[in-house]
Each structure stands twice: as C-alpha cells, then as structure tokens.
Amino acid sequence: LRKCTDAPIIILTSSSEDLALRAVSLGAEDFLKKGVRPELLVRTVVFAIERAARRAVQRDAASNLRNVLLGAAHGLMVVDAAGKVVLANPRALELLGRPAEATLGTHFKVPAQPERRTSERPDGQPLELELSASPVRWADGEASLVSINDLTARVRAEQLAGQLAQAQRLLAIGQLAAGVAHEINNPAQFLMTNLHVLRDHLRGFEFPPELEIEDLITESIDGITRIARVVRELKSYATTGRERLGSTNLNDAVRDAVRLLAHRVRHLQPTVELGALPPVIGDRGALTQAVANLLLNAATAVESKGRGTVTV
C-alpha cells in the first residue's frame, strides 16, 4: 500500500479484525471499526499523519546520506549487520580494485579497529590501505560505515625518508672511515717497511729451528698487507667525486663490497658469481657503495623472512 501512495491509510471496517490486521501488515497505518467515537477517530488520524511525516523525514535523510556517500571523494562503504555490502561509492570500488557487481551483496569483514590492508591498481601497482569502521543506521537497521584511506603516498614517503636517513648515516660513516683509514695507513706502512728490513738483516743469523723467525716475520708481513688492502678499499669506498672517475673493473667493486661487509653477511654464505667484464669509466668507490647497499638490503630481507639466499 505504501508503494502506491505516501498518504497515511486508515482502514475503517465492520468485518472481522483479521482482515483489518492483514491490511495493516500490507502498509495501512491503523484500523478502526465503524461507529468509532469522533475523538478516537481524530486522534488516530493525527497519529497516522505524524508517523507518515516521520517516515518521510527518515526517507529523505537516507536518500541524502546515500547521495553524500556516493559523491564523496573518500572511499566509503556501508556493510549491514549480516556483513553484506549494501553500498560502495566509486572511490571505494577503485581502491579495492573491484567492480560494483563483484562487491555489492558480497560478504566483507568489517575491521573492529583501524587496520591496514593491501590492494592493487589496475596497472598492478600495490596500494597500501587503511580501513576503519563506525556504526550507522541504514534502512531501519544497524550497519557499519567503512572508511578506506589510501596510504600509498604516505608509506612511500616514509620509505624514502628512511632511505635518506640511511644514506646520511652511510655518508657519515664513510667520512669517519676515511679519517680512520688515513690514521691506520701510516703506521701500517711503517710496520711493513720495518718488517722487511728486519727480515733481510736476520737472514744471516742462525736461530733455533723451533723459533721459526723468518716464518713469523713473513706471517706478520702478510697480516700488514691485508690491513693495507682493507684500508685501501675503505678509502676507495669512502671517497667519491668527479676526481675519482677512471677506468674501473666492476668485478673489483663487487669484491671490495663483499670483503667490506664480510662480517655482516658471512653467516648468510653469499654466493659471488663473477664473469669476464671489460673495464668501464666510473667511480670505483661509488660503485662499491652501490653494491654494498644492495648487499645490505638483501641481507636484511633474508633475515626478516628467515629464509633465502644472497647471490651477487
């Protein structure tokens, strides 16, 4: 009956109450029996008009709310008490990556508190979403209004900020390393020279075989040589700039990076696969830094997942 008219309908009958109750169930406001007192008739009509007016206000409010939700630039959905999606605006469908026919009427898990979920753009690019929900009245029932925020730009900005901070720390470490390398290099050179002189002078002397003097000196020279090589690589890693451009072997940059980070990645047993490469014009220190950064990122990823291999 209410689909036929917005006017309130009151049934006036002289027959059984069953028919009158049936009419009320079909949309009539009330029913009265013939011979009703005038004051009761007036009161019934007034109440029916008031109820109809309240329904009209609620209907208009629901229509306005629907229009607002559909036109919002923010992703919004209405999920009824049964967990079914009854409304999703265009922005929500875009963020979820689903058409309306695949969303409306389907079950949707309403978040109890703000939570993050991932989605994909049509081009396959990942989306970072934040979902939150609040209670709302919808179609004379309880429902949830789900808000969908696109956090992709913010997450990307946070990642870039982290990478910048890491780069700044590496720059500071590089500057410190250059100073430390310089301080180590000079005494290392003195030791190297003195050990060579000492070995040459002691070759004419005889010592007990168990002392193995020449072997001890040779081992010391090898140790100083390794220190000098690490210092040289550290200085190359820490010093970059146009003045460092020159003929460079990429394999040497890879080897330098692996040696510099050996203490950090040794437990991962990285595999190094090098092929024959022609020399290139570049900054060996910058190339070493680039490979070292990639190696550190790979090591962090493997450690966070608890599995995987590192291959250079």
Side-chain angles (χ1 to χ4, degrees), residues 116 118 120 124-128 151-189 192 219 222-312:
R116 290 193 177 184
T118 58
E120 279 190 358
Q125 291 297 314
L127 285 173
E128 293 287 340
L151 301 182
T152 306
R154 192 173 82 185
V155 171
R156 180 58 180 159
E158 291 173 353
Q159 292 173 343
L160 291 175
Q163 292 173 2
L164 177 59
Q166 176 69 8
Q168 290 173 337
R169 285 194 293 270
L170 288 175
L171 176 61
I173 292 172
Q175 293 171 342
L176 177 63
V180 172
H182 177 73
E183 293 299 324
I184 293 175
N185 188 59
N186 288 339
Q189 293 299 324
M192 177 78 73
E219 290 177 359
D222 290 342
I224 294 298
T225 301
R226 286 198 297 271
I227 292 174
R229 186 186 64 197
V230 171
V231 168
R232 199 163 50 245
E233 293 169 353
L234 196 58
K235 289 178 67 176
S236 176
Y237 177 81
T239 307
T240 61
R242 182 171 295 276
E243 68 278 4
R244 299 288 300 171
L245 293 180
S247 180
T248 301
N249 189 305
L250 294 178
N251 287 336
D252 290 340
V254 171
R255 293 189 190 96
D256 291 348
V258 172
R259 277 196 294 265
L260 284 170
L261 296 178
H263 67 287
R264 175 65 178 78
V265 299
R266 184 180 294 112
H267 65 289
L268 299 176
Q269 298 181 340
T271 302
V272 180
E273 300 176 356
L274 302 178
L277 295 174
V280 298
I281 300 299
D283 184 332
R284 178 168 170 174
L287 290 170
T288 303
Q289 286 183 20
V291 176
N293 290 340
L294 292 173
L295 193 55
L296 282 174
N297 290 342
T300 302
V302 170
E303 289 168 347
S304 64
K305 293 182 178 180
R307 56 185 176 81
T309 58
V310 178
T311 302
V312 183

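- In this structure, T300 OG1 and L295 CG are separated by 9.5 Å, a value rounded to the nearest 0.5 Å.
- Rounding to the nearest 0.5 Å places CG of L250 at 6.0 Å from CG of L277.
- Every residue meeting the side-chain contact (heavy atoms from CB on, under 4.5 Å) condition with E273, not counting sequence neighbours, appears here in chain and number order: T271, T311.
- Here CG of L151 is found 8.5 Å from CD of E158. Values are rounded to the nearest 0.5 Å.
- A search for side-chain hydrogen bond (donor to acceptor under 3.5 Å, both in side chains) contacts involving E303 returns R264, H267, not counting sequence neighbours.
- Remark: V302 engages L268, V310 in a side-chain contact (heavy atoms from CB on, under 4.5 Å) (not counting sequence neighbours).
- In this view, V254 and V258, V272, L274, V291, V312 satisfy the side-chain contact (heavy atoms from CB on, under 4.5 Å) rule, not counting sequence neighbours.
- A donor-acceptor pair under 3.5 Å is formed between the side chain of N251 and the backbone N or O of G275.
- For the pair T248 (side chain) and I281 (backbone), a donor-acceptor distance under 3.5 Å is absent.
- E128 approaches T152 most closely through the heavy-atom pair N-OG1, 3.0 Å.
- Here the closest non-hydrogen pair linking A292 and A257 is N-CB, 3.8 Å.
- When all heavy atoms of L287 and A253 are compared, the pair lying nearest together is CB-CB, 3.8 Å.
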